[in-house]
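Whatever order the structure lists ligands and atoms in, that order sets their numbers, starting from 1.
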Amino acid sequence: MAKTFTIAQISDIHTGSSYFDENLMMSAIAEINQMQPDVLAVVGDLTSNGYKGEFEEAADWIAKFEIDNKIVIPGNHDARNVGYLHFRDIFGNPNRRHDFPMPDGRNLRVVTVDSGKPDINDGEVGRGAYPEISQNLKSDDGTFRVFVLHHHLISIPGTGRERNIVLDAGDVLALLRSLDVHLVLSGHKHVPYVWPLADMICIVSGTVTTWRIRGYTEPCYTLIQIDGDRLSVFERYPGRTKELAASYDLKHQQLMEKRQAIEEKLLRQL
Ligand SMILES: [Fe+2]
Ligand SMILES: [Fe+2]
């Protein structure tokens, strides 16, 4: 049995947008179905305006992923026009926890939150949510801990003027570090990036299916492989290539490998 636990992270599908490209979606579905990751995480912005028909279209696409374990959260676009009601009707409560067995015997726990607010693009977790997050992530049994929210907690380079970072980002980062969270998954900026914060790795995925992109970035999604203490992050361009973004030794808090080409591509945007 393979010892690697794999997460496919996709975000910013944006059904209903004139920039939505179903060829990108079909490529991503075929690739991820072939790969059979342990978890598919859909990290928000399923729709453009939160309309019911847009959610139904997103649900139809997500159903085509033949993956047993799917995690779906909403983004700021999904909270437009009271879209959070349709999200809950179709996908259920976005504030949840999930547990998955890892091949090395550990448990992997994912805690998700809805960081969106109706009709604004800003994101916030909110102090009221901290006790439940703490309760859900607290563990001393070697659990691998993952936190998922749509908005970014750290600024993403190459995206222009900073906007919509989680309003309580500092407090949330401190809370997550106090809980020994290993991994934070976000979307929103449509530019993929990985921020290692000592023993916590924050991964932002790009837009998987739209041409709502910034500068020279391209539609892509992210693959995360956890093999013991080694965590590797790949950027996958639907229908095209897969590139290693970075690889970390979590135990020794060390960067092991970095794909220079990806860094250079991003540096062109600064
Ligand atoms: Fe988006
Ligand atoms: Fe967003």
Side-chain angles (χ1 to χ4, degrees), residues 8-22 24-25 28 40-51 53-59 61-62 71-88 90-91 94-95 112-126 129 147-169 172 184-195 202-222 235-238 266 269:
Q9 176 186 351
I10 70 171
S11 69
D12 299 279
I13 297 171
H14 287 298
T15 57
S17 167
S18 57
Y19 293 96
F20 176 84
D21 182 341
E22 68 174 40
L24 292 169
M25 189 48 135
L40 171 70
V42 185
V43 189
D45 276 1
L46 315 179
T47 69
S48 290
N49 288 296
Y51 294 135
E54 294 178 342
F55 279 109
E56 287 168 346
E57 187 185 340
W61 285 114
I62 291 168
I71 291 168
V72 185
I73 64 162
N76 53 303
H77 282 256
D78 305 321
R80 292 181 179 176
N81 301 305
V82 202
Y84 43 85
L85 295 179
H86 302 307
F87 180 92
R88 279 184 185 252
I90 295 175
F91 297 103
N95 304 304
T112 62
V113 298
D114 176 4
S115 56
K117 302 284 167 227
D119 300 312
I120 57 170
N121 290 326
D122 287 318
E124 185 178 19
V125 173
F147 185 70
V148 183
L149 77 171
H150 176 65
H151 293 82
H152 53 302
L153 287 171
I154 308 177
S155 289
I156 304 303
T159 59
R161 184 167 58 90
E162 178 52 58
R163 291 179 300 179
N164 315 141
I165 198 166
V166 171
L167 293 174
D168 52 345
V172 175
V184 180
L185 310 184
S186 307
H188 184 61
K189 293 297 280 189
H190 297 200
V191 173
Y193 204 69
V194 184
W195 272 124
C202 301
I203 301 176
V204 170
S205 49
T207 171
V208 60
T209 50
T210 83
W211 294 96
R212 288 187 58 185
I213 46 177
R214 292 190 160 89
Y216 304 132
T217 52
E218 297 162 273
C220 63
Y221 58 95
T222 300
E235 302 307 347
R236 182 73 162 99
Y237 302 92
L266 198 58
Q269 302 226 153

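- Distance check: Gln9 CD to Thr222 OG1 gives 5.0 Å after rounding to the nearest 0.5 Å.
- Between His77 and His14, the angle of the ring planes goes over 60°, which puts this pair in the perpendicular group of the 30/60° scheme.
- Between the OD2 atom of Asp45 and the NE2 atom of His150, the angle centred on the Fe ion (ligand 2) amounts to 90° when rounded to 10°.
- Checking Asp45 against His150 by side-chain atom types alone, a donor-acceptor pair falls below 3.5 Å.
- Metal site remark for the Fe ion (ligand 2): Asn76 contributes an N, O or S atom at a distance under 2.8 Å.
- Under the side-chain contact (heavy atoms from CB on, under 4.5 Å) test applied with Ile13, the options Val208, Thr47, Thr210 reduce to a single match, Val208.
- With the Fe ion (ligand 1) at the apex, His14 NE2 and Asp12 OD1 define an angle of roughly 110° (rounded to 10 degrees).
- Looking at His188 and the Fe ion (ligand 2) together, the shortest N, O or S contact belongs to ND1.
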